[in-house]
Amino acid sequence: MKEKRYKKGALMMILQEAQDLFGYLPIEIQKMISKELNIPLSEIYGVATFYSQFSLIPKGENVIGVCLGTACYVKGGQDILAKIEEILGITIAETTPDRKFSIDATRCLGSCGLAPVMMINDEIYGRLTVDDVEEILNKYR
């Protein structure tokens, strides 16, 4: 923080580094940043909750991104998401109690020709049906 504190956009850079280091932005870290940069905690919280790249809860070992862009939505993306939520017992922006899975909704994964699409970590799964979901999730258990 000391190196970046006087740079333009320091808060964003520091929040990104903290997120990379801890995997999320726990309140204790937000308080440390607030004190070190002399920025109100409410402002830090506002930035952390405004930008979707930041998370206030720990992410799972496997982050599932379900595309809800137009092509995926029209071809059943919402049904894929509902099945994932049913199997894992969590919803968007939540993490399973064992921290094995987290779910994110995305607007586009750039694979519209494969709609509906989901991504687990860096692997894309396309042309999905609801029946495909459980078998794919089992690969990550």
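Positions are given from 1, in the same order as the sequence printed here.
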Quiz item: How far apart are the C-alpha atoms of L128 and L114, what are their side-chain angles, what is the distance that settles it, and do they pass the side chain to side chain contact (heavy atoms under 4.5 Å, CB included) test?
Solution: CA-CA 8 Å; L128 295 172; L114 299 175; over 6 Å; no

Exercise. Using the test side chain to side chain contact (heavy atoms under 4.5 Å, CB included), find all partners of S55 that sit at least two apart in sequence or belong to another chain.
Key: Q19, Y24, I57, K59

Exercise. Carefully, step by step, assess M12 and Q53 under the rule side chain to side chain contact (heavy atoms under 4.5 Å, CB included).
Key: CA-CA 11 Å; M12 287 294 289; Q53 73 194 59; 4.3 Å; yes

Without placing hydrogens or testing angles, list every side-chain donor-acceptor pair under 3.5 Å for residues 62-82, not counting sequence neighbours.
unit_1 : atom_1 : unit_2 : atom_2 : d
N62    : OD1    : N121   : ND2    : 2.9
N62    : ND2    : K100   : O      : 3.2

Self-check item: Exam field: side chain T95 to backbone S102, donor-acceptor pair closer than 3.5 Å
Solution: no

Self-check item: 4.5 Å side-chain heavy-atom contact, I92 and D104
Solution: no

Self-check item: Distance in Å, N38 CG paired with E36 CD, rounded so as to fall on 0.5 Å steps
Solution: 10.0 Å

Quiz item: Under a single-linkage definition using a 4.5 Å side-chain heavy-atom cutoff for Ile, Leu, Val, Met, Phe, Trp and Tyr, are I90 and L56 assigned to the same hydrophobic cluster?
Solution: no

Self-check item: Note: E86-K83 ion pair, threshold 4.0 Å (strictly below)
Solution: yes

Exercise. Walk me through it: do I103 and E85 pass the test side chain to side chain contact (heavy atoms under 4.5 Å, CB included)?
Key: CA-CA 8 Å; I103 303 173; E85 290 175 337; 4.0 Å; yes

Contacts under 3.5 angstrom, residues 131-141 side chains, donor-acceptor by atom type, not counting sequence neighbours:
unit_1 : atom_1 : unit_2 : atom_2 : d
D132   : OD1    : T129   : OG1    : 3.4
D132   : OD2    : T129   : N      : 2.8
D132   : OD2    : T129   : OG1    : 3.2
N138   : OD1    : R141   : NE     : 3.0
N138   : ND2    : E134   : O      : 3.3
Y140   : OH     : Y125   : OH     : 2.6

Quiz prompt | Between CD1 on residue I33 and CG on residue L37, distance to nearest 0.5 Å | solution = 7.0 Å

Quiz item: Has the side chain of E94 got a donor or acceptor atom that lies under 3.5 Å from a matching backbone atom of T91?
Solution: yes

Self-check item: Side chains of Q30 and Y45 in contact at under 4.5 Å (non-hydrogen atoms)
Solution: yes

Quiz item: Roughly how far apart are I29 CD1 and S34 OG, rounded to 0.5 Å?
Solution: 12.5 Å

